[in-house]
Visitor: 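Next up is a structure, given as structure tokens.
Values in this document were obtained by computation on a predicted structure and should not be read as measured data.
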Amino acid sequence: MSTTQSERLRGLLEPLVSKRGLDLDEIAVTPAGKRRVLRVVVDADDGVQLDTCAELSRAFSELLDESDAMGGAPYVLEVTSPGADRPLTEQRHYRRATGRLVKAQLTPEAGGGEVIARIVGVDEEGIDLQVPGVKGRKPTSRRLAFEEIAKARVEIEFNRKAADAVGAARSTSAADGAEAAEDDEKEEEA
């Protein structure tokens, strides 16, 4: 996609995204057979709901039909939120990943290599990390300036999520069981 088309699309769509309190993370137009795919990625601090993507898709579609930003060739509009594997490139990405495990590739000036650690804080200059201890050692703290990070991504933690989900499921089933017992008692009294 040309820079001009990208800038034009961003200028057209960003006000609709901002009005809903979201960030326009990415716009990409890619060929797909005889059509093109216009992919618009939006994000927010507390995530983006499916209904919000659907609302934006309808609003974008109307706006794009009224303008000539996509030209006359057919295209498919896709409005989505960023995936779990998206690169962390902006301060807001790191802020939204606070509490998550990340893998950061360091720049040569920072010594190269990689760091896998949990983000515990973010400010304008960089991130504060908690590096897990190895072989029974305690975790350590580490500070990385943004300019020391060549690239970074969130690491998916299946075990951590599963443990949280089991605890939530137990709480829900216990609450459902208590409600069912109360309903049974009420029916017996009647």
Visitor: Might you point out which heavy atoms bring Ala97 and Val154 nearest each other, and give the distance in Å?
Guide: CB-CG2, 4.0 Å

Visitor: So do Asp23 and Val17 actually touch side chain to side chain, heavy atoms under 4.5 Å?
Guide: no

Visitor: Using 0.5 Å steps for rounding, measure from the OG atom of Ser67 to the CG atom of Leu9.
Guide: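 If we round to the nearest 0.5 Å, Ser67:OG and Leu9:CG are 7.5 Å apart.
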
Visitor: Whether the side chain of Arg118 engages the backbone of Gln130 through a donor-acceptor N/O pair (distance < 3.5 Å, no angle test) should be reported.
Guide: no

Visitor: With the side chain counted from C-beta on, respond yes when Val42 and Asp25 share a heavy-atom pair under 4.5 Å apart, and no when they do not.
Guide: no

Visitor: Find the distance between NZ (Lys103) and CG (Leu88) and round it off to the nearest 0.5 Å.
Guide: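 Reported value, rounded in 0.5 Å steps: 13.0 Å.
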
Visitor: Does a side-chain heavy-atom distance below 4.5 Å link Val122 with Phe146?
Guide: yes

Visitor: If we ignore hydrogens and angles and just use 3.5 Å, is the side chain of Thr98 paired with the main-chain N or O of Arg95 as donor and acceptor?
Guide: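 Yes, Thr98 side chain to Arg95 backbone: donor-acceptor pair under 3.5 Å.
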
Visitor: Hey, what do you get for CD (Glu155) to CD1 (Ile116), rounding to the nearest 0.5 Å?
Guide: 5.0 Å

Visitor: Begin with the C-alpha distance, continue with both residues' side-chain angles, and end with the deciding distance and a verdict on side-chain contact (heavy atoms from CB on, under 4.5 Å) for Val79 and Thr52.
Guide: CA-CA 9 Å; Val79 180; Thr52 305; over 6 Å; no

Visitor: Looking at every heavy atom in both Gly21 and Ala44, which two are closest together, and how far apart are they?
Guide: O-CB, 4.4 Å

Visitor: What are the two closest non-hydrogen atoms of Ala59 and Arg20, and how far apart are they?
Guide: CB-NH2, 4.4 Å

Visitor: So how far is it from Met70 CE to Arg8 CZ, rounded to the nearest 0.5 Å?
Guide: 11.0 Å

Visitor: How far apart are the closest heavy atoms of Ala69 and Leu12, and which atoms are they?
Guide: CB-CD2, 3.9 Å

Visitor: Are the side chain of Ser57 and the backbone N or O of Cys53 linked by a donor-acceptor pair below 3.5 Å?
Guide: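 The answer is no, because no donor-acceptor pair under 3.5 Å joins these two groups.
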
Visitor: Can you tell me how far CG of Asp43 sits from CZ of Arg86, rounded to the nearest 0.5 angstrom?
Guide: 4.5 Å

Visitor: May I ask you to test the Glu147-Ile149 pair for a side-chain heavy-atom distance under 4.5 Å?
Guide: no

Visitor: With hydrophobic residues grouped by side-chain heavy-atom distances under 4.5 Å, do Val48 and Val41 end up in a single group?
Guide: no

Visitor: How long is the span from the CG atom in Asp128 to the OH atom in Tyr94, to the nearest 0.5 Å?
Guide: 13.5 Å

Visitor: Any side-chain heavy-atom pair from Leu38 and Leu64 closer than 4.5 angstrom?
Guide: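 Yes, close enough: below the 4.5 Å cut-off.
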
Visitor: What is the minimum heavy-atom distance between Pro132 and Ala117, and which atoms define it?
Guide: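 Taking every non-hydrogen atom into account, CD-CA, 4.1 Å.
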
Visitor: Under the side-chain contact (heavy atoms from CB on, under 4.5 Å) criterion, do Val29 and Tyr75 qualify, and how do the steps go?
Guide: CA-CA 9 Å; Val29 178; Tyr75 67 92; over 6 Å; no

Visitor: Do Asp65 and Ser61 come close enough that some side-chain heavy atom pair is under 4.5 Å?
Guide: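 Result yes, sub-4.5 Å side-chain heavy-atom pair found.
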
Visitor: Are Val37 and Ile27 co-members of a hydrophobic cluster defined by side-chain heavy atoms under 4.5 Å apart?
Guide: no

Visitor: Should Glu109 and Glu148 be marked as a side-chain contact (heavy atoms from CB on, under 4.5 Å) after you check the CA-CA gap, both sets of side-chain angles, and the distance that decides it?
Guide: CA-CA 7 Å; Glu109 296 81 24; Glu148 294 178 304; over 6 Å; no

Visitor: With heavy-atom distances below 4.5 Å as the criterion, would you say the side chains of Thr80 and Arg39 are in contact?
Guide: yes

Visitor: Could you tell me which non-hydrogen atom of Arg143 sits nearest to which non-hydrogen atom of Gly126, and how far apart they are?
Guide: NH2-N, 3.4 Å

Visitor: Under 6.0 Å from the CD atom of Gln49, do we count more than 12 heavy atoms belonging to anything else shown?
Guide: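 No, not enclosed.
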
Visitor: Are Arg96 and Glu90 close enough, and set up right, to give a salt bridge (Lys or Arg N to Asp or Glu O under 4.0 Å), and what steps lead you there?
Guide: CA-CA 10 Å; Arg96 291 174 182 159; Glu90 308 262 342; over 6 Å; no

Visitor: Would you indicate whether the side-chain heavy atoms of Leu24 and Arg10 approach each other to under 4.5 Å?
Guide: yes

Visitor: With the 4.5 Å side-chain cut-off for hydrophobic clustering, are Leu101 and Ile119 part of the same group?
Guide: no

